[in-house]
Amino acid sequence: QVQLVESGGGLVQAGGSLRLSCAASGRTYMQYVMGWFRQAPGKEREFVAAITWSGDSIDYADSVKGKFTISRDNAKDTVYLQMNSLKPDDTAVYYCAAGHPLTRSTTARISAYNYWGQGTQVTVSP
């Protein structure tokens, strides 16, 4: 079992930045792929970014490329999402997830992840 806890969300003005953290505990030695997803009110949960255990493979949703950066510190069992140039459309609950996608093309699928955090709210004001 792996437990995930997100933190770092909050209220920020458009154009500002936030850094989200996801702290993992439990079977963190399983070398999980870590992903970030988000869900806005009335919308489906959508993929944001993912990173392999070694950090050698990273994927981003087209909507966040150039603005968001995913990273991880395995010694701290923590994954980060640096969010820059935020806009109101980025407002959502952000979730981190851990899993083992079989291929690179499956990293954006919700079904590829076995463990999820409780989410952290990000609100971007205009």
Side-chain angles (χ1 to χ4, degrees):
Q1 294 289 325
V2 174
Q3 295 79 46
L4 305 174
V5 179
E6 303 97 333
S7 62
L11 176 65
V12 64
Q13 291 184 325
S17 299
L18 286 173
R19 188 179 76 159
L20 305 183
S21 298
C22 175
S25 61
R27 300 176 66 185
T28 57
Y29 55 85
M30 294 298 293
Q31 300 184 1
Y32 292 102
V33 171
M34 300 297 299
W36 285 98
F37 293 76
R38 66 186 182 185
Q39 187 167 22
K43 296 184 178 180
E44 300 294 319
R45 189 169 299 187
E46 65 177 359
F47 171 76
V48 175
I51 185 170
T52 59
W53 186 89
S54 64
D56 63 342
S57 183
I58 295 174
D59 293 299
Y60 295 100
D62 289 341
S63 60
V64 305
K65 288 181 179 178
K67 300 201 309 176
F68 292 5
T69 302
I70 188 172
S71 62
R72 66 192 300 171
D73 185 340
N74 292 332
K76 297 180 179 179
D77 292 327
T78 302
V79 180
Y80 305 96
L81 184 69
Q82 178 67 46
M83 306 186 296
N84 299 324
S85 301
L86 286 164
K87 59 187 190 302
D89 195 47
D90 295 315
T91 295
V93 177
Y94 284 71
Y95 300 89
C96 68
H100 287 291
L102 295 178
T103 65
R104 183 82 174 267
S105 63
T106 63
T107 56
R109 298 180 183 178
I110 292 175
S111 60
Y113 297 87
N114 304 111
Y115 305 101
W116 295 82
Q118 83 288 351
T120 185
Q121 177 70 48
V122 172
T123 302
V124 184
S125 64

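For clarity, every value in this text was computed on a predicted model and none was experimentally measured.
Atom CD1 of residue I110 and atom CD of residue Q39 lie 7.5 Å apart, to the nearest 0.5 angstrom. One distance of note links CD of Q118 with CG of L4; it measures 9.0 Å at 0.5 Å rounding. Remark: H100 NE2 to N114 CG distance equals 7.5 Å, nearest 0.5 Å. If you take CD on Q3 and CZ on R27, they are separated by 11.0 Å, rounding to the nearest 0.5 Å. Note that CH2 of W36 is 7.5 Å distant from OG1 of T120, once rounded to the nearest 0.5 Å.
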Just do the side-chain contact (heavy atoms from CB on, under 4.5 Å) check on L86 and F68 with the steps written out, would you?
CA-CA 9 Å; L86 286 164; F68 292 5; 3.8 Å; yes
Check: Going through the checks in order, is the side-chain contact (heavy atoms from CB on, under 4.5 Å) test met by Y80 and D73?
Finding: CA-CA 8 Å; Y80 305 96; D73 185 340; 4.2 Å; yes
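Contact detail for T78 and S21: the closest heavy-atom pair is CG2-CB, 4.3 Å. For the pair D90 and S85, the tightest heavy-atom approach, listed with the atom from each and the gap, is OD2-O, 4.3 Å. In terms of heavy atoms, T103 sits closest to S105 at OG1-OG, 3.0 Å. Between F37 and A108, the closest heavy-atom pair is CE2-O, 3.6 Å. Scanning all heavy atoms of the two residues, the minimum distance from A40 to A92 falls at N-CB, 3.8 Å. In terms of heavy-atom proximity, S63 sits nearest to R38 at OG-NH2, 3.6 Å.
More than 12 heavy atoms of other residues, nucleotides or ligands sit less than 6.0 Å from atom NZ of K87.
Side-chain heavy atoms closer than 4.5 Å link hydrophobic residues (I, L, V, M, F, W, Y) into clusters, and following such links, even through other members, never connects M34 to W116. When hydrophobic clusters are built by joining Ile, Leu, Val, Met, Phe, Trp and Tyr residues whose side-chain heavy atoms come closer than 4.5 Å, directly or via intermediates, I70 is not grouped with W53. Cluster membership for I51 and M83, using ILVMFWY side-chain heavy atoms within less than 4.5 angstrom, is shared. Under a hydrophobic clustering in which Ile, Leu, Val, Met, Phe, Trp and Tyr are joined whenever their side-chain heavy atoms come within less than 4.5 Å, directly or via other members, I58 and L81 fall into the same cluster. By the criterion of side-chain heavy atoms lying less than 4.5 angstrom apart, applied directly or through intervening Ile, Leu, Val, Met, Phe, Trp or Tyr residues, F47 is grouped together with Y95 in one hydrophobic cluster.
E6 contributes a side-chain N or O that, together with a main-chain N or O of C96, makes up a donor-acceptor pair within less than 3.5 Å. Using a distance-only test at 3.5 Å, with no hydrogens or angles considered, a donor-acceptor pair links the side chain of R72 to the main chain of T52. At least one donor-acceptor pair under 3.5 Å links the side chain of Y113 to the backbone N or O of T107. In this structure, T123 contributes its side chain and T91 its backbone to no donor-acceptor pair below 3.5 Å. Side-chain N or O atoms of R45 include none that pairs as donor or acceptor with a backbone N or O of Y94 at under 3.5 Å. Looking only at distances, no side-chain donor or acceptor of T106 sits under 3.5 Å from a matching main-chain atom of P101.
In terms of the ring pair (Phe, Tyr, Trp, His ring centres under 6.0 Å) criterion, Y60 has no residue partners (sequence neighbours excluded).
Here the side chains of R104 and D59 are in contact, with some heavy-atom distance below 4.5 Å. Within the 4.5 Å cutoff, the side chain of Y115 has heavy atoms near those of the Q1 side chain.
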